[in-house]
Participant: 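Mind looking over this structure? Questions follow.
Note that this is a predicted model, so its numbers are computed, not measured. Lettering of chains follows the sequences in order, A, B, ..., and the numbering in each one begins at 1.
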Amino acid sequence: MANASNEHIVSSYEDELTALTRAISEMGGMVEVAITNATQALIRVDHDLAKQTAKADKAVDDMQRYIDEKAVSMIARRQPMAGDLRHIVSAIHVANDLERIGDIAKNLARRVKHIDSQRVSKQLYNGIRHMSDLALAQIKRSLDSFTLRDANIALDVCRRDDEVDALYISLFREFLTYMMEDPRNITDCTHLLFCAKNLERAGDHATNIAEAAYYLKTGENLYYDIESGKVQLN
Amino acid sequence: MSVATDILHTNVQTGKETIKMSGQKVCVHYGEKQALFDVDLDIVANQVISLIGPSGCGKSTFLRCLNRMNDTIDICNVSGEITLDGQDIYDKAIDVVELRARVGMVFQKPNPFPKSIYENVAYGPRIHGMTRSKDELDELVTSSLRRAGLWQEVKDRLDQPGTSLSGGQQQRLCIARAIATKPEVLLMDEPCSALDPIATAIIEELIDELRENFTIVIVTHSMQQAARVSQKTAFFHLGKLIEEGPTEQIFTNPHHKKTQDYITGRIG
């Protein structure tokens, strides 16, 4: 007999799958806030916000453990198949990437105390802010692709990773110029360069999340071909 | 196995795939009621194919068509074509007894004959005149019991009744009995449904070993069992073959929504 609502015959299984997606959304929200706050702390040289952001990473780590435990328990008890199996496996991958983005936010926040804001040009901060905005947009869209199970959004996120990479390269050149201009800038610029690199890595994690979302929806693996700069099916 | 070797292995296998049995437009009616609708399904030699689907979907009916077990039901009418090595098994010239020796069957419930363990296995070869001497028959019984993974457990009590064995042992005895006539295809209708997990694991291990010499078609209600033992899986629903393909694909990325809904527990 067909199930009209297309839900599981075992309603508790359906509830667990829904709870897993909800946990991913919640964790996604936590890391978005973390990246936003870390960037704000950097730009405003807000040491309190930086400390608070670094401290908040523990909650992200706890959330990943929670998702892992739930996923492993569902695999053991439910023996998931097909779409359900992909749902659970993707959730494990996504939680792992979100945890790494959380680490990146913590890393950004910890650099605040090492940077002498008086010496650093506002223009450099603009670059970091722009980079953070781009990475955040990628993270948000990748999470949308996962929760909405939208393969087109996932593909779009993968394609747009180039923009984050290009911005990082341009910032890298800019920081290099400042360092060459005045060696006293080297310490601060190096810290900011690491921040930019971290944000570029956050963009890569967003791509991973989008790939997991694409797999969840289609059952096919995507990969990014560096040579052609194109997203391809594996 | 490395990815490269795995791909190579798959390609070689694909290149060598030979069709052992094939159903074309198979329809089955029980009186007025149609149980199977135009089923087209190829069964590849030396592979295990699982037939899955909810109760009453026609999977057992299709299985029973493959050695004409449905002939025993008066109101059952089979149409379409089923071939074994390219030969139509419903052809008038076909000897059904010989066909069933070539396409053996193991049932859901172990059903040993009320005879000794030895006689259970020796019965088929004897009536088919497959051996010329007692020694040859002894050898065939021994090798069949060995292949069924039962020899070590029964070698000292071959004269005891087959029914004295445990459920799992009885099912392996039935497998030994089925393979003693040297069939080419082995049909298994839920062979583990009455067995505990250990006995099930032993039978599954056995199925994997038997694949070297036989082509196996298994009907199972256990998704996990289908995923574990078979290379191909076919999903039936309401008498129709909805989807068939490599087991890995069916259980990770089925193409048809009904397959997805069934194996994930959304339709019963």
Side-chain angles (χ1 to χ4, degrees), chain A residues 1-21 70-94 145-146 149-151 154-155 211-223 225 232-234, chain B residues 2-4 6-7 10-11 50-58 192-193 197 200-201 204 220-240 242-268:
Chain A
M1 181 80 58
N3 187 332
S5 62
N6 201 31
E7 286 191 351
H8 245 283
I9 294 167
V10 182
S11 60
S12 58
Y13 188 6
E14 192 67 40
D15 294 345
E16 286 178 22
L17 288 167
T18 310
L20 201 61
T21 306
K70 289 289 167 202
V72 168
S73 155
M74 284 170 78
I75 290 170
R77 291 181 301 112
R78 308 285 189 189
Q79 285 103 46
M81 290 284 186
D84 295 337
L85 178 63
R86 301 205 302 271
H87 184 156
I88 295 168
V89 169
S90 304
I92 295 172
H93 281 297
V94 172
S145 70
F146 183 82
R149 299 191 178 203
D150 190 322
L155 276 172
E211 284 171 1
Y214 189 87
Y215 172 71
L216 163 62
K217 174 67 184 174
T218 66
E220 312 237 19
N221 282 307
L222 279 179
Y223 82 103
D225 184 31
Q232 295 180 354
L233 280 174
N234 210 350
Chain B
S2 73
V3 174
D6 205 8
I7 290 166
T10 312
N11 287 342
S50 292
L51 311 183
I52 61 166
S55 298
C57 69
C192 301
S193 64
T200 299
E204 285 180 6
T220 177
H221 272 297
S222 161
M223 301 295 111
Q224 280 70 36
Q225 181 168 66
R228 286 191 298 261
V229 303
S230 60
Q231 288 73 52
K232 293 256 169 71
T233 297
F235 168 61
F236 287 74
H237 189 241
L238 300 175
K240 290 178 181 154
I242 305 295
E243 182 172 355
E244 63 108 2
T247 296
E248 199 177 309
Q249 176 246 314
I250 297 285
F251 287 108
T252 57
N253 190 18
H255 294 148
H256 204 288
K257 187 172 179 304
K258 271 186 188 155
T259 318
Q260 156 85 17
D261 285 350
Y262 177 68
I263 63 178
T264 59
R266 286 172 172 84
I267 52 170

Participant: Look up atom NE2 in His93(A) and atom CZ in Phe146(A), then write down how far apart they are to the nearest 0.5 Å.
Facilitator: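 Answer rounded to 0.5 Å: 10.5 Å.
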Participant: Find out whether Phe235(B) and Pro54(B) are in side-chain contact, i.e. whether some heavy atom of one side chain is under 4.5 Å from a heavy atom of the other.
Facilitator: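 Of all side-chain heavy-atom pairs linking Pro54(B) with Phe235(B), at least one is under 4.5 Å.
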Participant: Under a 3.5 Å cutoff, is there a donor and acceptor pairing between the side chains of Arg149(A) and Thr21(A)?
Facilitator: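 The answer is no; no qualifying pair exists.
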Participant: Measure distances from Leu216(A) to the heavy atoms of chain B and classify the residue's part below 4.5 Å as side chain, backbone, both or neither.
Facilitator: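 For Leu216(A), neither part sits under 4.5 Å from chain B.
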Participant: Rounded at 0.5 Å granularity, tell me how far CD1 in Ile242(B) sits from OH in Tyr262(B).
Facilitator: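 That separation rounds to 12.5 Å.
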Participant: side-chain hydrogen bond (donor to acceptor under 3.5 Å, both in side chains) between Gln260(B) and Glu243(B): does it pass, once the steps are laid out?
Facilitator: CA-CA 10 Å; Gln260(B) 156 85 17; Glu243(B) 182 172 355; over 6 Å; no
Participant: Using a 4.5 Å cut-off on heavy atoms from C-beta on, say whether the side chain of Glu16(A) contacts that of Leu20(A).
Facilitator: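 No, every pair of side-chain atoms sits at 4.5 Å or beyond.
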Participant: State the NE2-CD1 distance between His256(B) and Ile250(B), to the nearest 0.5 angstrom.
Facilitator: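 It is 11.0 Å, given to the nearest 0.5 Å.
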Participant: Given that the side chain runs from C-beta out, which part of Lys258(B) has a heavy atom under 4.5 Å from chain A: side chain, backbone, both or neither?
Facilitator: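 No part of Lys258(B) comes within 4.5 Å of chain A.
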Participant: With a 4.5 Å heavy-atom cut-off (strictly below), which parts of residues 80-90 of chain A touch chain B? List them by number.
Facilitator: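 Result: Met81(A), Ala82(A), Gly83(A), Asp84(A), Leu85(A), Arg86(A).
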Participant: Can you find a heavy atom in the side chain of Tyr13(A) that is under 4.5 Å from one in the side chain of Met74(A)?
Facilitator: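 The answer is yes, as the side chains (C-beta and beyond) meet within the 4.5 Å cut-off.
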Participant: Using only non-hydrogen atoms and a strict under-4.5 angstrom cutoff, which residues of residues 221-234 of chain B touch chain A?
Facilitator: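 From residues 221-234 of chain B, the residues near chain A are Met223(B), Gln224(B), Ala227(B).
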